[in-house]
Amino acid sequence: MVLLDGKIASAAIKEALKQEVSQFTAGGKRAPHLAAILVGNNGASETYVAAKVKSCAEAGFRSTLVRLNDTVTENELLASIHELNGDASVDGILVQLPLPKHINEQKIIEAVDPCKDVDGFHPVNAGKLVQGLPGFIPATPYGIMLLLEHYNIVTTGKTAVVIGRSNIVGRPMSILLSSNRPYGNCTVTLCHSHTKDLEKICVQADIIIAALGKPEFLKASMVKEGAVIVDVGITRVPDSNSKTGYRIKGDVAFNEVSLKASAITPVPGGVGPMTIAGLLRNTMESYRLQVTGC
Ligand code: NAD
């Protein structure tokens, strides 16, 4: 069984990005610049944004963190996004989700300039993905593709099941795996909360991407011998033995499923670091277009 280690793969990607950045800066160009907007002080969001800022530094990128109070109005948040859209020194903008209930998340996603939408959530980029055109791919599915590439997982002609159809993970993942591209060309079944006989569908799959947010949902009985398993889930479950009072659990019952899988991601340390790698790759792409105009 191969452990699909996201820490190792993302470190390699960050190192390659760092080399690329140093070539640009040695030539007198500025460094790539990611701006993150964090609204409120949700614990998980704080952790994710801190990890993104740290990774920017590791890859030689500049980052700016815009912190807004959770009482910020929708118009104030929109103004902050418009400011970053108009700032030529900013290559990528991300607004950390979820947002407080009084803010319309879709309106915020659509306010980000599609050319700086390095999370790949804007409908323009979603449309480009569907049509196989160049654009920003949502960071988590992009990171998973990079992980499959890092470990050279053969996907062509395989059957894949994606569990979860969100716009940020499941649906774009199903499009990527079914596309005619490296580490694509699968025959994909996209499952969701209304899917009947999920176990029967999963047990036939060569590759399973679990992205539903239900701790240890995918059991060994649902998995074919030798399947490749990618666990996207991150759920904080209470744990009085832990210093933080919680433990992170994925959507896969790792201990039992890893005995049948040919390759599997751990949680934490699998898809999480790869999401950041995807984000940095998108930011680099935006930067390259800005500074070289190609
Ligand atoms: P979401 O809540 O938007 O979507 C969940 C999807 O799962 C829905 O489409 C729903 O239909 C489906 N679903 C729910 N119960 C189901 C069931 N019993 N059977 C089949 N399908 C079911 O969630 P999301 O934003 O896509 O995130 C999914 C998980 O991935 C969460 O745990 C989230 O925290 C995690 N996540 C991790 C990363 C990362 O970097 N590792 C990034 C994004 C999301």
Side-chain angles (χ1 to χ4, degrees), residues 4-7 9-10 13-14 36 42-55 94-99 101 105-106 108-109 118-121 126 129 136-148 160-177 188-203 205 208-219 221-223 229-237 246-254 264-282:
L4 303 173
D5 191 321
K7 285 190 193 160
S10 67
I13 290 166
K14 280 189 265 189
N42 171 293
S45 294
E46 292 265 3
T47 309
Y48 298 149
V49 170
K52 290 168 187 174
V53 166
K54 181 167 172 262
S55 292
L94 80 85
V95 182
Q96 187 64 43
L97 303 181
L99 293 168
K101 294 261 182 302
E105 235 166 58
Q106 190 59 27
I108 298 306
I109 287 170
V118 289
D119 252 339
F121 295 165
L129 177 64
F136 296 119
I137 301 168
T140 300
Y142 187 20
I144 293 170
M145 295 303 280
L146 294 171
L147 188 64
L148 296 177
V161 166
V162 178
I163 314 174
R165 59 177 165 188
S166 73
N167 286 341
I168 64 169
V169 188
R171 193 174 299 281
M173 193 68 237
S174 71
I175 294 166
L176 286 164
L177 285 174
V188 179
T189 306
L190 179 57
C191 300
H192 46 77
S193 50
H194 294 274
T195 300
K196 291 203 165 61
D197 293 331
L198 185 66
E199 181 160 347
K200 229 194 236 173
I201 296 168
C202 287
V203 88
I208 300 178
I209 315 286
L212 67 161
K214 299 245 152 65
E216 304 197 329
F217 177 89
L218 192 80
K219 304 279 193 277
S221 61
M222 302 168 78
V223 171
I229 309 294
V230 175
D231 187 351
V232 185
I234 300 180
T235 307
R236 290 181 169 193
V237 294
Y246 65 84
R247 223 156 25 114
I248 300 289
K249 287 232 174 194
D251 287 344
V252 177
F254 184 91
I264 185 168
T265 59
V267 173
V271 173
M274 295 312 296
T275 293
I276 299 182
L279 176 73
L280 296 180
R281 284 278 289 255
N282 277 340

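Worth saying up front: this structure is predicted, and the values here are computed from it rather than measured. Note that ligands are numbered from 1 as they come in the structure, with each ligand's atoms numbered from 1 the same way. Scope of the values below: all heavy atoms of this structure, side chains included, with no hydrogens, waters or symmetry mates.
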Notebook entry, point to check: Where's the contact between Thr140 and ligand 1, heavy-atom distance under 4.0 Å: side chain, backbone, both or neither?
Noted result: side chain
Next item on the list: Dump the intermediate steps for side-chain contact (heavy atoms from CB on, under 4.5 Å) on Val223 and Val252, then the final yes or no.
Entry: CA-CA 10 Å; Val223 171; Val252 177; over 6 Å; no
Next item on the list: Report the nearest protein non-hydrogen atom to atom 29 (C) of ligand 1: residue, atom name, distance rounded to 0.1 Å.
Entry: Gly213 N, 3.6 Å
Note to self: Is the contact between Thr195 and ligand 1 made by the side chain, the backbone, both, or neither, using heavy atoms and a 4.0 Å cut-off?
What the structure shows: neither
Margin query: Under 4.0 Å from a heavy atom of Ile163: which atoms of ligand 1 are those, numbered in the order shown and with their elements?
Written below: 20 (C), 21 (N)
Notebook entry, point to check: How does Val169 reach ligand 1, by side chain, by backbone, by both or by neither, if only non-hydrogen atoms under 4.0 Å count?
Noted result: side chain
Margin query: Less than 4.5 Å apart, side chain to side chain, heavy atoms only: is that true for Ile13 and Met274?
Written below: yes
Note to self: Would Asp231 and Ile264 count as a side-chain contact (heavy atoms from CB on, under 4.5 Å) here? Give the steps.
What the structure shows: CA-CA 8 Å; Asp231 187 351; Ile264 185 168; 5.9 Å; no
Next item on the list: Do me a favour and list the nearest non-hydrogen protein atom to atom 21 (N) of ligand 1 with residue, atom name and distance?
Entry: His192 C, 3.1 Å
Check: Applying a 4.0 Å heavy-atom criterion (strictly less than), which segment of Met274 is in contact with ligand 1: side chain, backbone, both, or neither?
Finding: neither
Check: Out of curiosity, Lys52 NZ to Thr47 OG1, how far, rounded to the nearest 0.5 Å?
Finding: 11.0 Å
Next item on the list: Would you mind listing which atoms of ligand 1 come within a distance below 4.0 Å of any non-hydrogen atom of Gly272?
Entry: 40 (O), 41 (N)
Next item on the list: For side-chain contact (heavy atoms from CB on, under 4.5 Å), just list the numbers for Leu190 and Arg171, CA-CA rounded to whole Å, side-chain angles, deciding distance to a tenth of an Å, and then say yes or no.
Entry: CA-CA 7 Å; Leu190 179 57; Arg171 193 174 299 281; 4.0 Å; yes
Check: Does some side-chain heavy atom of Ser55 sit less than 4.5 Å from a side-chain heavy atom of Leu279?
Finding: no
Notebook entry, point to check: In the protein, what heavy atom is nearest to atom 34 (O) of ligand 1, and what distance, to one decimal place, separates them?
Noted result: Ile234 O, 3.1 Å
Margin query: Taking a cutoff of less than 4.0 Å between a non-hydrogen atom of the residue and any ligand atom, is Phe217 in contact with ligand 1?
Written below: yes
Item checked: Element-labelled atoms of ligand 1 that are located less than 4.0 Å from some non-hydrogen atom of Ile168 -> 25 (O)
Checklist line | Nearest-contact summary for atom 22 (C) of ligand 1 - protein heavy atom, Å | finding: Ser193 N, 3.6 Å
Next item on the list: Using a 4.0 Å heavy-atom threshold (strictly under), name the region of Thr275 that reaches ligand 1: side chain, backbone, both or neither.
Entry: side chain
Check: Quick one: which ligand 1 atoms are inside 4.0 Å of a heavy atom on Lys214?
Finding: 14 (C), 15 (N)
Next item on the list: Please report which non-hydrogen protein atom sits nearest to atom 16 (C) of ligand 1, along with the residue it belongs to and the distance in Å to one decimal place.
Entry: Leu212 CD1, 3.5 Å
Margin query: Starting from atom 12 (C) of ligand 1, what is the nearest protein heavy atom, named by residue and atom, and what distance separates them?
Written below: Gly164 CA, 3.8 Å
Notebook entry, point to check: For atom 3 (O) of ligand 1, what's the nearest protein heavy atom and its distance?
Noted result: Ser166 CB, 3.4 Å
Next item on the list: Starting from atom 36 (N) of ligand 1, locate the nearest protein heavy atom and write down its residue, its atom name and how far away it is, to 0.1 Å.
Entry: Val232 O, 3.6 Å
Check: Which of these, Thr235, Ile248, Val267, sits in a side-chain contact (heavy atoms from CB on, under 4.5 Å) with Pro215?
Finding: Thr235
Item checked: Whether Ala211 lies under 4.0 Å from ligand 1, heavy atom -> yes
